[in-house]
Each structure stands twice: as C-alpha cells, then as structure tokens.
Amino acid sequence: MRELTYLEAVREAMSQEMRDNEDVFVLGEDIGVYGGAFGVTRGMIEEFGPERIRNTPISEAAISGTAVGAALTGMRPILELQFSDFMTIAMDNMVNQAAKIRYMYGGKGKVPMVLRTPAGSGTGAAAQHSQSLEAWMAHIPGLKVVQPSTAYDAKGLLKAAIDDDNPVIFYEHKLCYRTKSDVPEELYSIPLGKADIKKQGTDVTIVATAIMVHRALEAAEELEKEGIHAEVIDPRTLVPLDIDTIVQSVQKTGRLVVVHEAVKRGGFGGEIASLIAESEAFDYLDAPIKRLGGKAVPIPYNPELEKAAVPGVADIVTAVKETLNRL
C-alpha cells in the first residue's frame, strides 16, 4: 500500500468525493490558485474549476452562511476556515443555524456540510492562530466533531463526514499535515463514533486526541523500555464518542490517563473522565484518573514557551508513572 501525508489524504478524499458527487463543492479563502493556507486544496481548481473550488471574501460569517444555505438546498458543501480560531466569527451560523435547523423543522430540512479547519499549536502562529477549541464545539447539540490523527483516518473520516446529513466540524491538526501512513487508493469510509486502539497494552489506558496521539505513542515506547505496557486509544470523533471502547480498556488496565492539547480547564478530557467515573469501569480503577491538557494561557509566540504550554512526551510519561506509583 502507498504512503500519503495527512494533507494529501484530505485532498484525495475531497477530490474523489467531488468526482463521484456533483453536489459536493469546496469554498473558502484562497483555496483556488493559492491552494489554501496550508496547501490542502492545491491543484484542485485545475481539475474542478472555480465553480466548485470557490474563493470567498475574507469573512468567516459569509463563508459559513453560504455553506448553510447551500446545504439546505441540497448541496454538500465543504468549507475551509484558514485557522480554527476563526470559528468564533462563524459561531452564529454554526451554533444557532446549522446545528439546530434539522431539529427545529422536524427533519424536513437538513444541513449536510463539513467545516474543515486547521487547529492546534506548534507552528509559531501565536495566540490568535493556535487554539484548540474542540470542546466548545462538542458542547453544541446538533454538531458532530471529528479529530483525525493519521492520514488513513483523515481520508476515511472525511468521506463519512461528507456523506453525513448533519453538520460536521472536521479538525485537522497542523502538525499532523506532514505525517504519513498507509492509505488505500480507493475511497473508503470510517464510521463516525468508532474509536481506534492505536497500541495494545495492559498496565494503563492513554486516551489521546490529534497530535497527542503521536506523542502518546512515543511515550508508550519510552514506557515499554521500563516494562510498562500502555494501551493508546484515539477516539477519532468526539461527537459521537465511542465510550464503550474506552470503558473496556479501563476495565482491562485499571488506570486512565487522558491527554489533549486544549486547555485542561473545561477540556474534553474532563468529559471522558466523568463518563468513566459514571460507568462500570469505575470499580476497576486502581488509581485516580489523570488528565493532561494545555496550560490556561494564550499560546505564546516564543517557540520554547509554546512547547511548554501544551503536554509533551515527557509529561505523558510522568503522568503514567504517577498513576502507577513508579516515580
């Protein structure tokens, strides 16, 4: 099987869907000749033309409003926001319109749209271009929230998101764009709401999202040298959430560490911890649940401070050892 970067996998999923379905189109700032802020749509305007790769004004409110309207009339728009931070400008259309229309009209209207957006820190983009706001979106009934960590997952989950009749927020971590994995040439779908066990283990469960999946796997390799076998689970989608896979893992390992880049306070890790505390897995816990998240500061521009603001591999190793009383 050939390897693709995460970026290439996202582009291929969109292109294959657009060849199969004329209702699918892409809109956003500089997505045409320029190819988007991170180059994801590069080359697509040459194949599909400006009618289906539509450059927009610099207005996230206009982009999201156009997408909601197009979806209501039967199209399947994919809108790209250059940075996930700019979701704040699109909030009314996403939270008060897209998320609620199908419910308010008893299913007679639907909003099949995907909002793709790069998220997270690590590129020196500073406080207004580096946030992780997925917990905010997961709080809104009617929105589905997807966070792929690998190229394989990105292609399959994007196919499922485009096919879904509900609005989907599709977060693409900037540091994942250049990572590679095996990706089939054919178009395939990964169901929303199905977690993936990235590494089997018996001593502790690590639930991680986006770039933290990669750091958790690095931490697991380090821990393996000391005889600690960590199981690493990637939820892949926050809404819907596959809590059953996490429950079963915690019942096996007896310990849970949850790690995400978003600020720890109010982060989605708290939701996972609460669900485990309310589940049958609670009686299997041999140590308190450990949460790792970003510090409660705007993401700094300084590269060393930027690294210090979010969990790293060493932080995950330390958290696991604390749950095992190995420090």
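Predicted model, so just to flag it, every value in this text is computed and none were measured.
Separating the CG atom in L223 from the CZ atom in R326 is a distance of 9.0 Å, to the nearest 0.5 Å. To the nearest 0.5 Å, the span separating CE on M113 from CG on N93 amounts to 8.0 Å. In this structure, OG1 on T88 lies 9.5 Å from CG on L81, to the nearest 0.5 angstrom. In this structure, NZ in K110 is found 6.5 Å from CZ in R102, a value given to the nearest 0.5 Å. In this structure, OG in S15 is found 7.0 Å from CD1 in I53, a value given to the nearest 0.5 Å. With rounding to the nearest 0.5 Å, the separation of OG1 in T205 from CD in Q248 is 11.0 Å.
Proximity of I299 to L305: side-chain heavy atoms (C-beta onward) are nowhere separated by under 4.5 Å. Counting heavy atoms from C-beta on, the side chains of V204 and V257 come closer than 4.5 Å. Looking only at side-chain heavy atoms (C-beta outward), S149 and I211 stay at 4.5 Å or farther from each other. Between L187 and E17 there is a side-chain heavy-atom pair separated by less than 4.5 Å. Two residues are said to be in side-chain contact when any heavy atoms from C-beta on lie closer than 4.5 Å; E12 and K155 meet this criterion. Between I246 and I276, some side-chain heavy-atom pair lies under the 4.5 Å cut-off. Residues P77 and L27 are in side-chain contact: their nearest non-hydrogen atoms beyond the backbone lie under 4.5 Å apart.
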For the pair V146 and Y171, evaluate side chain to side chain contact (heavy atoms under 4.5 Å, CB included) and give the outcome as yes or no after the intermediate values.
-> CA-CA 6 Å; V146 180; Y171 285 105; over 6 Å; no
Run the numbers on S121 and S130 for side-chain hydrogen bond (donor to acceptor under 3.5 Å, both in side chains), then give the verdict.
-> CA-CA 4 Å; S121 64; S130 304; over 6 Å; no
Determine, stepwise, if the pair F86 / H129 fulfils ring-ring contact (aromatic ring centres under 6.0 Å, His included).
-> CA-CA 8 Å; F86 303 160; H129 298 75; 5.3 Å; yes
Please test K199 against E224 for side chain to side chain contact (heavy atoms under 4.5 Å, CB included), starting from the C-alpha separation and ending with a verdict.
-> CA-CA 12 Å; K199 180 184 178 299; E224 202 85 33; 3.0 Å; yes
Would you check, one step at a time, whether the test ring-ring contact (aromatic ring centres under 6.0 Å, His included) holds for Y188 with Y152?
-> CA-CA 10 Å; Y188 58 91; Y152 176 85; 4.9 Å; yes
After noting the C-alpha distance and the side-chain angles of H173 and E261, does the key distance pass the side-chain hydrogen bond (donor to acceptor under 3.5 Å, both in side chains) rule?
-> CA-CA 10 Å; H173 198 286; E261 180 175 331; 2.7 Å; yes
Intermediate values then yes/no, side chain to side chain contact (heavy atoms under 4.5 Å, CB included), L256 and K290 = CA-CA 6 Å; L256 174 62; K290 190 81 173 177; over 6 Å; no
Output, in order, the C-alpha distance, side-chain angles, deciding distance and verdict of side chain to side chain contact (heavy atoms under 4.5 Å, CB included) for I206 and I316.
-> CA-CA 9 Å; I206 304 174; I316 300 171; 4.1 Å; yes
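Defined by atom type and a distance below 3.5 Å, a donor-acceptor pair is missing between the side-chain atoms of Q16 and K159. Between the side chains of T56 and E29, no donor-acceptor pair of N or O atoms lies under 3.5 Å. A donor atom on one side chain and an acceptor atom on the other are not found under 3.5 Å apart for Q128 and D85. Defined by atom type and a distance below 3.5 Å, a donor-acceptor pair is present between the side-chain atoms of D242 and T245. Using modelled atom types, one finds no donor on one side chain facing an acceptor on the other under 3.5 Å when comparing T253 with D203.
Remark: the backbone N or O of V26 is not paired with any side-chain donor or acceptor of R52 at under 3.5 angstrom. The main-chain N or O of D315 is never found under 3.5 Å from a side-chain atom of T318 such that the two would form a donor-acceptor pair. R116 contributes no side-chain N or O that, together with a main-chain N or O of E172, makes up a donor-acceptor pair within less than 3.5 Å. Counting only distance, with no hydrogens or angles, the side chain of R11 and the backbone of V40 share a donor-acceptor pair below 3.5 Å. Side chain of D234 to main chain of I197: no donor-acceptor pair is present (N/O by atom type, distance under 3.5 Å, no hydrogens or angles). Remark: the backbone N or O of P311 is paired with a side-chain donor or acceptor of R215 at under 3.5 angstrom. The backbone N or O of A308 lies less than 3.5 Å from a partner atom in the side chain of K295, making a donor-acceptor pair. Although no hydrogens or angles enter the test, the distance criterion places no donor-acceptor pair under 3.5 Å between the side chain of R236 and the main chain of L192. A distance-only check finds no donor-acceptor pair linking the side chain of T5 to the backbone of R178 [under 3.5 Å]. When atom types are taken as modelled, the side chain of T41 and the backbone of M44 share no donor-acceptor pair closer than 3.5 angstrom.
Within 6.0 Å of the NE2 atom in H229, the count of heavy atoms belonging to other residues, nucleotides or ligands exceeds 12. Applying the 6.0 Å contact sphere to CG of L275 captures more than 12 heavy atoms from other residues, nucleotides or ligands. The local environment of CZ in R265 is sparse, with at most 12 non-hydrogen atoms from other residues, nucleotides or ligands closer than 6.0 Å. Taking a 6.0 Å sphere around NZ of K180, one finds it holds 12 or fewer heavy atoms contributed by other residues, nucleotides or ligands.
Note on D196 versus K194: no salt bridge recorded, every NZ/NE/NH1/NH2 to OD/OE distance being 4.0 Å or above.
By the 30° and 60° cut-offs, the orientation of the rings of F38 relative to Y177 is tilted.
V95 is connected to Y105 through a chain of hydrophobic side-chain contacts under 4.5 Å among Ile, Leu, Val, Met, Phe, Trp and Tyr, so both are in one cluster. Under the 4.5 Å side-chain contact rule for hydrophobic residues, I169 and V24 do not share a cluster. Both L133 and L241 are members of a single hydrophobic cluster when ILVMFWY side chains are connected at heavy-atom separations under 4.5 Å.
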